[in-house]
Amino acid sequence: MTKTPIKLPLFLVPLVALTACATPREQCISGANREVATLDRLIAETQGNISRGYGIFETEDVRVLRRTCEDEREDGTTFRYRCDKTETFTRREPVTLNIAEERVKLRQLQDRRAIASTQAQARIQQCIAVHPE
C-alpha cells in the first residue's frame, strides 16, 4: 500500500511548522484566540470595503500549461514527452456593495469580537492553569 502525501496550501505551511514547534500551552492559547483573529480579519476587510466604497471578490482560476519535457534514459539517449503543468492563480475583481449594509455588518462584527475577546481571555486563563510553564 502506498501512502499519498498530504498537500497543504502554501499559506498553511508556516502555520503548521509553527504549530508543530509550539508547546501545548502555546497551542491552547492559539486555539483560544482563533475566533478573535478571524473576526479581526473580517473587521479589517469590512472596513476596507467601506473606505473604498466597493468590495473585492477573489476567485481562483486554474490553467493547464502544455509543455514538452526531456529526460534521459539509462543508455544516455534523451526522449521527449508531454508534461502538463497545472497553475492556479487568484484573480481579484471589484464588486458593488451596499455601504449601509457593510456598516451594519461592521457593527455586528465588532460586537461579536468584544464577546469573543472576553471568552478568549477566559479560555487563555484555563490554558495557563492547565499548562503551567
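If you're wondering where the values come from, they're calculated on a predicted model, not measured in any experiment. Computed from heavy atoms alone, side chains included, the values below leave out hydrogens, waters and symmetry copies.
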According to a 4.5 Å side-chain heavy-atom criterion applied to Ile, Leu, Val, Met, Phe, Trp and Tyr, with indirect links allowed, do Leu42 and Val36 form part of one hydrophobic cluster?
no
Single-linkage hydrophobic cluster Val104~Leu109, side-chain heavy atoms < 4.5 angstrom:
no
Verify the neighbour count for atom CZ of Arg123: are there more than 12 heavy atoms of other residues, nucleotides or ligands below 6.0 Å?
yes
Members sharing Ile29's hydrophobic cluster, built from side-chain contacts under 4.5 Å between Ile, Leu, Val, Met, Phe, Trp and Tyr, are Ile124, Ile128
For the student: nearest non-hydrogen atoms of Ala120 and Ala32, plus distance
CB-O, 3.3 Å
When clusters are formed from ILVMFWY side-chain contacts under 4.5 Å, directly or step by step, what else is grouped with Ile56?
Tyr54
Within a strict 4.5 Å, meaning less than it, do heavy atoms of the Thr59 and Phe57 side chains meet?
yes
If you look only at pairs with a residue in residues 96-133, which of them pass as a ring-ring contact (aromatic ring centres under 6.0 Å, His included), with sequence neighbours excluded?
none
Check: Thr23 main-chain N/O paired with Glu26 side-chain donor or acceptor under 3.5 Å:
yes
For Glu72, check side chain to side chain donor-acceptor pair (under 3.5 Å) against everything at least two apart and list the hits.
none
Give, for atom CG of Leu97 and atom NZ of Lys105, the distance between the pair rounded to the nearest 0.5 Å.
7.0 Å
Does any pair with a residue in residues 79-88 pass side-chain hydrogen bond (donor to acceptor under 3.5 Å, both in side chains), and if so which ones, sequence neighbours excluded?
Arg63-Glu87, Arg66-Asp84, Glu70-Arg80, Arg82-Asp84
Using side-chain heavy atoms (C-beta onward) and a distance below 4.5 Å, is Gln110 in contact with Ile43?
yes
Applying side-chain contact (heavy atoms from CB on, under 4.5 Å) to Arg73 and Phe79, what does each step give before you reach the verdict?
CA-CA 7 Å; Arg73 292 187 176 105; Phe79 66 98; 3.4 Å; yes
Ser51: which residues meet the side chain to side chain contact (heavy atoms under 4.5 Å, CB included) condition with it, sequence neighbours left out?
none
Suppose the criterion is side-chain hydrogen bond (donor to acceptor under 3.5 Å, both in side chains): which pairs have a residue in residues 33-50, not counting sequence neighbours?
Asp40-Arg113, Asn49-Arg52, Asn49-Glu102
Excluding Val64, membership of its hydrophobic cluster (Ile, Leu, Val, Met, Phe, Trp, Tyr; side-chain heavy atoms within less than 4.5 Å) reads none
Under the rule for salt bridge (charged side-chain N to carboxylate O under 4.0 Å, His left out), what residues qualify as partners of Arg25, not counting sequence neighbours?
Glu133
With sequence neighbours excluded, give me every disulfide (SG to SG under 2.5 Å) pair touching residues 92-123.
none
Enumerate the residue pairs fulfilling disulfide (SG to SG under 2.5 Å) with a member in residues 73-133, sequence neighbours excluded, ordered by first and then second residue.
Cys28-Cys127, Cys69-Cys83
Quick one: salt bridge (charged side-chain N to carboxylate O under 4.0 Å, His left out) partners of Glu93, sequence neighbours excluded?
Arg91
